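Heads up: the structure comes next, in structure tokens.
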Amino acid sequence: MKLKFTSKSRPKTVSPEVQRRERLVHRIDQQIGYVRQIIEGQRPRAAWLWMSAEGTYYLPIKYGKQVIELQKGMVSIECQNLDEVEHALCEVRGMALAGKLDEQLQIASAYIRKRFEKAG
């Protein structure tokens with residue numbers, strides 16, 4: 001592998017959008033790890049996914065404890081098996097990095113901040 005050197009340095013400030021994306025991507029990476037643990041027979045407590053009585057998996061995407069509305073009225077992704085859950089998480093991760101969930105993240109972030117203001 002050939003190294004590609006650059007003169008870019010880390011920015012001193014990061015926009016709130018990028019911070020929210022990074023936070024969500026970090027949690028999605030954790031969820032991918034949890035799915036792999038489930039495949040290995042373990043039961044992680046903080047996994048987002050749940051299984052219906054019919055055996056279908058549902059995957060809500062969360063920002064903090066707030067479930068993100070992925071499309072109008074749609075709050076989870078339906079998956080037939082755990083491999084599909086892992087693939088869905090990778091797809092959502094890509095969407096977050098591309099900025100396609102910025103609006104939903106901004107809404108969730110505003111809701112969370114509003115709840116903290118009420119508590120204070």
Side-chain angles (χ1 to χ4, degrees):
M1 179 176 111
K2 188 173 182 174
L3 299 177
K4 181 179 178 180
F5 297 102
T6 179
S7 62
K8 283 216 175 239
S9 60
R10 187 178 192 145
K12 295 193 185 323
T13 60
V14 180
S15 71
E17 292 83 16
V18 172
Q19 287 178 341
R20 288 190 286 264
R21 286 180 203 163
E22 288 176 350
R23 196 170 297 134
L24 179 62
V25 166
H26 174 71
R27 290 291 290 145
I28 289 172
D29 289 342
Q30 284 181 328
Q31 294 301 314
I32 291 170
Y34 293 153
V35 169
R36 291 183 183 149
Q37 288 178 5
I38 293 169
I39 291 170
E40 294 170 0
Q42 300 173 18
R43 293 183 155 235
R45 293 187 58 193
W48 292 341
L49 69 109
W50 57 278
M51 187 172 67
S52 69
E54 296 80 30
T56 303
Y57 290 95
Y58 293 92
L59 176 66
I61 303 299
K62 298 181 180 183
Y63 184 76
K65 292 183 179 180
Q66 183 69 30
V67 175
I68 296 173
E69 188 176 55
L70 301 166
Q71 289 181 354
K72 187 73 174 162
M74 306 293 175
V75 294
S76 64
I77 301 166
E78 183 177 317
C79 303
Q80 298 305 311
N81 55 47
L82 291 171
D83 289 332
E84 200 173 307
V85 171
E86 187 174 1
H87 179 71
L89 284 166
C90 291
E91 288 288 321
V92 173
R93 184 183 194 281
M95 290 170 61
L97 287 173
K100 294 180 180 176
L101 298 175
D102 284 354
E103 185 178 334
Q104 292 94 324
L105 293 176
Q106 198 282 324
I107 291 168
S109 179
Y111 178 77
I112 292 167
R113 277 195 312 275
K114 189 175 180 180
R115 284 185 37 217
F116 273 106
E117 289 172 3
K118 287 181 181 178

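This one's a predicted model, so the numbers in the text were calculated from it and none came from an experiment.
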| Sub-3.5 Å donor-acceptor pair from the side chain of Q31 to the main-chain atoms of W48, do we have one? | yes
| query | Residues sharing L97's hydrophobic cluster, by side-chain heavy-atom contacts under 4.5 Å among ILVMFWY, directly or via others? | reply | V25
| Sub-4.5 Å side-chain heavy-atom contact between I32 and R36 | yes
| query | Considering only heavy atoms from C-beta outward, does the side chain of V92 approach that of I77 to under 4.5 Å? | reply | yes
| Among the clusters formed by ILVMFWY side chains lying less than 4.5 Å apart, do Y58 and Y34 turn up in the same one? | no
| note | CZ of R20 to CG of D102, rounded to nearest 0.5 Å, is 7.0 Å
| request: Could you pull out the closest heavy-atom pair between I112 and Y63, with the gap in Å? | output: CD1-O, 3.5 Å
| message | Would a single hydrophobic cluster contain both V14 and L105, if residues Ile, Leu, Val, Met, Phe, Trp and Tyr are joined by side-chain heavy-atom contacts under 4.5 Å? | response | no
| field | Nearest-0.5 Å distance that lies between atom OH in Y57 and atom CG in D83 | value | 10.0 Å
| field | Separation between CD1 of I68 and CD of E103, rounded to the nearest 0.5 Å | value | 12.0 Å
| query | Which pair of non-hydrogen atoms, one from G64 and one from K62, has the smallest distance, and what is that distance? | reply | O-CB, 3.7 Å
| Q104 side, atom CD; Q66 side, atom CD - distance, nearest 0.5 Å | 12.0 Å
| Between L89 and I61, what is the shortest heavy-atom contact and its length? | CD2-CD1, 4.2 Å
| Sole candidate of E91, M95, R93, R23 that passes side-chain contact (heavy atoms from CB on, under 4.5 Å) when paired with I28 | R93
| query | Has Q42 got more than 12 heavy atoms of other residues, nucleotides or ligands less than 6.0 Å from its CD? | reply | yes
| Atom pair CG/NE2 of L59 and H87 - distance to nearest 0.5 Å | 12.0 Å
| query | For the atom pair CG (L101) and CD1 (I107), what is the distance rounded to the nearest 0.5 Å? | reply | 11.0 Å
| Should V85 and I38 count as side-chain neighbours, where that means a heavy-atom distance under 4.5 Å? | no
| Shortest non-hydrogen contact between Q37 and P44, atoms and distance | OE1-CB, 3.3 Å
| request: List, by chain and number, the other hydrophobic cluster members for V75, where Ile, Leu, Val, Met, Phe, Trp and Tyr join if side-chain heavy atoms come within less than 4.5 Å, directly or indirectly. | output: V67
| task | Report yes if some heavy atom in the side chain of T56 is under 4.5 Å from a heavy atom in the side chain of Q80; otherwise report no. | result | yes
